[in-house]
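Values in this document were obtained by computation on a predicted structure and should not be read as measured data. Index from 1, following the sequence.
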Amino acid sequence: MPMPDSIFSMKDVSFRFPDDVRNTLSSLSFSIVTGERVAISGPSGSGKSTLLYLLNRLYPMNCDGIVEGDIHLFGKRAESYAPGEINHRVATVFQDPDSQFCMPTVEEELAFTLENLNTPAAEMTEQIRRVLESTGLAHLRNAKIQTLSGGMKQRVATACALVMDPEVLLLDEPISHLDPKTAKEFIGWLDRLQKTFGITVIAVEHRLDSWGSFFDREILIDADGAIEADRKFIPHQPFHYPLRLNEVLDEPAISATGLSVKMGGKTLLHPLSLQARRGECIVIAGPNGSGKSTLVKALCGIHKKSSGTVTSNPCGYVPQSPEFLFLTPTVRNELAFSGTSSLLQLQELMDSLRLTHIAAHNPFAVSHGQKRRVAIGAMLADKRHVLFLDEPTSGQDRGALLELFDLIDSRLEKGDTVFIVTHDMEFAAAIADGVLLLKDGRMTGMFPAKRVWEDPALLAVHHLLPPKGAMQHAESPA
């Protein structure tokens, strides 16, 4: 039987999909009580998101998964709940916010959520006003969701969860798409909300160093889907990377002159000019909605430019939602699709990206962090010499981050050019030769990386926080 005050209780719980030989989760036993703040951590692909879906009854209700063991939710056996019965008490914000939107505007999405809860029409307006004000999204009430940045979509998804007035909030990497300042504000806001209402917060998270002492407890899942540790939460230190020593070649790889983008009568990117050389890594940073993704899509030809010219070596783009690129039924075939790499090169690439053990898996069915590595691998296998990576560190554990760093570093050493859109300032400080700053669709400038880390005012106006390891790298001898 579960503990008397527990809202979630698992005893010897295992889960696997019918086509899998091994369990995704193995022999989990734990309880969570009302008001706790619990971080669920572990390697990419260890089953952390699957665990959340067992807690909100998405699994096995909406899949053919096989569950063994006992799960109790609010003192009742999980299987005794009717479909959808638990949803008004347990709200979920998914890792990819696009996956949960159904309506075109923010207000309509909030109204749709309330309609599903049979909220009287007379009460909807006030509930929508309250949640928009409390989340700082009142100015987006009539905004079209698909025109928003990835970070703004994440905040809208959180507002849609909170409008249900739930007892439990499940979060799947909630700050992965937020700029550092917005992430810090989000965590502070969530802290105040939890203290005021006593809501239980359970979050899957890799970037635990950004959370300070927010959590009470950490459940660490190992690579086999079992609990490695269930312990009191201790604030995490940021991960430090090796020192890069590559030389940038004095040969242009891509240049843009007077580049701008307009859509629907709105200027998304004001005219700008830039140049990057072979072997150079440029980090593109700035507040959510500043035009970072718009810029990279314009540079590689996905967005039609309204003015200007772009001259570039063959380029490849990995978006924030990498599954948009997938064309084949297996990870191995996805990397081999272009046919430009040998079997030996493909195997070496899969090994370096930690994809070999999922080579036969459907790329749509792997974890979000693994999807990113599959998409990056496909671009590298296609021998694109200018790469645009949009938030490549999202969903990656420390081992994967180090391997991503090494992989990018090796491509730079070979003379490839890499642009990285990221809010991860520790990764940026380790990998960047230059930092291109954007704000309100305008380019502030392209600066040597050290110059940015040493300028608190420049960081603040672009919603960035100084990386803790930046000066260690900047002051290391060449």
Side-chain angles (χ1 to χ4, degrees), residues 7 34-35 37 52 56 84-203 214 263-266 268 287-290 439-441 463:
I7 54 175
T34 301
R37 306 175 177 196
L52 284 194
N56 66 10
E85 183 182 355
I86 201 74
N87 292 55
H88 73 286
R89 303 180 73 178
V90 181
T92 307
V93 179
F94 296 98
Q95 191 175 60
D96 180 7
D98 281 316
S99 67
Q100 62 191 98
F101 295 136
C102 299
M103 306 300 288
T105 70
V106 173
E107 181 175 24
E108 288 171 315
E109 186 66 33
L110 289 165
F112 180 74
T113 303
L114 293 173
E115 286 171 357
N116 286 332
L117 298 175
N118 297 317
T119 304
E123 299 176 14
M124 284 188 184
T125 301
E126 175 56 25
Q127 287 185 238
I128 290 172
R129 182 200 64 78
R130 174 180 56 79
V131 76
L132 287 174
E133 288 189 358
S134 67
T135 57
L137 298 175
H139 64 294
L140 296 179
R141 184 176 192 128
N142 299 311
K144 292 187 181 298
I145 293 174
Q146 291 309 314
T147 66
L148 301 177
S149 68
M152 284 300 181
K153 288 178 181 177
Q154 189 76 0
R155 296 184 69 186
V156 171
T158 304
C160 291
L162 295 170
V163 79
M164 296 187 287
D165 196 21
E167 298 172 55
V168 181
L169 188 60
L170 304 180
L171 304 167
D172 199 348
E173 296 206 50
I175 64 171
S176 62
H177 296 299
L178 302 182
D179 64 63
K181 181 174 182 290
T182 303
K184 185 177 181 179
E185 291 171 350
F186 173 83
I187 294 167
W189 169 80
L190 192 62
D191 178 62
R192 294 189 296 274
L193 176 76
Q194 198 279 334
K195 288 176 179 176
T196 301
F197 299 103
I199 193 171
T200 303
V201 177
I202 304 171
F214 176 89
M263 288 187 183
K266 181 180 180 182
L268 302 182
N288 288 121
S290 59
K439 189 172 188 295
D440 299 326
H463 287 200

**Q.** Between CG on residue L140 and CG on residue L132, distance to nearest 0.5 Å
**A.** 8.5 Å

Q: Apply ring pair (Phe, Tyr, Trp, His ring centres under 6.0 Å) to F101 and list each qualifying residue two or more places apart in sequence or on a separate chain.
A: none

Q: Kindly write out the residues that satisfy side chain to side chain contact (heavy atoms under 4.5 Å, CB included) with L193, not counting sequence neighbours, or none if the list is empty.
A: L162, W189, L190, F197

Q. Can you name the closest pair of heavy atoms from A183 and I175 and give their distance?
A. CB-CB, 4.0 Å

Q) So, do L170 and V201 sit near enough that their side-chain heavy atoms are less than 4.5 Å apart? A) no

Q) What pairs with K184 under salt bridge (charged side-chain N to carboxylate O under 4.0 Å, His left out), at least two apart in sequence or on another chain? A) none

Q. Below 4.5 Å, heavy atoms only, C-beta onward: do H463 and N288 meet side chain to side chain?
A. no

Q.
I'd like to know if the side chain of T200 and the backbone of V168 have a donor-acceptor N/O pair within less than 3.5 Å.
A. no

Q | Approximate separation, where rounding is to 0.5 Å, of M263 CE and L268 CG | A | 6.0 Å

Q. For N116, what residues pass the side-chain hydrogen bond (donor to acceptor under 3.5 Å, both in side chains) criterion, not counting sequence neighbours?
A. none

Q. Got a second to check how far F112's CZ is from L117's CG, nearest 0.5 Å?
A. 10.5 Å

**Q.** Qualifying residues under salt bridge (charged side-chain N to carboxylate O under 4.0 Å, His left out), relative to K266, sequence neighbours excluded
**A.** none

Q. How long is the gap from CD1 on I7 to OG1 on T34, to the nearest 0.5 Å?
A. 5.0 Å

Q: Under the side-chain contact (heavy atoms from CB on, under 4.5 Å) rule, what do L171 and I202 come out as? Steps first, then yes or no, please.
A: CA-CA 6 Å; L171 304 167; I202 304 171; over 6 Å; no

Q.
Do R155 and F186 form a cation-pi contact, if we require the NZ or CZ to be under 6.0 Å from the six-membered ring centre and within 45 degrees of the ring's axis?
A. no

Q: List in chain and number order the residues that pass side chain to side chain contact (heavy atoms under 4.5 Å, CB included) with A161, two or more places apart in sequence or in another chain; answer none if no residue qualifies.
A: A91, V93, L169

Q: Hey, could you give me each pair passing side-chain hydrogen bond (donor to acceptor under 3.5 Å, both in side chains) that has a residue in residues 158-175? Not counting sequence neighbours.
A: S49-D172, R89-E167, Q95-E173

Q. Is the shortest heavy-atom distance from the side chain of L110 to the side chain of V106 under 4.5 Å?
A. yes

Q: Output all residues satisfying side-chain hydrogen bond (donor to acceptor under 3.5 Å, both in side chains) with N87, sequence neighbours left out; order by chain, then residue number.
A: none

Q: Any pair with a residue in residues 121-132 that passes side-chain hydrogen bond (donor to acceptor under 3.5 Å, both in side chains), sequence neighbours left out, goes on the list, sorted by first then second residue, please.
A: E126-R129, R129-E133

Q | side-chain hydrogen bond (donor to acceptor under 3.5 Å, both in side chains) against T135, all qualifying residues, sequence neighbours excluded | A | none

Q: For T105 and I145, work out which heavy atoms get closest and say how close.
A: O-CD1, 3.6 Å

Q.
Checking D98 now: which residues fulfil side-chain hydrogen bond (donor to acceptor under 3.5 Å, both in side chains) with it, not counting sequence neighbours?
A. Q146, K153

Q: Measure the spacing between OG1 of T113 and CE of M124 and express it to the nearest 0.5 Å.
A: 9.5 Å

Q | Any pair counted as salt bridge (Lys or Arg N to Asp or Glu O under 4.0 Å), so long as it reaches residues 99-119, sequence neighbours left out | A | E107-R141

Q. With distance as the sole test, does Q154 use its side chain to make a donor-acceptor pair with the main-chain N or O of S176 at under 3.5 Å?
A. no

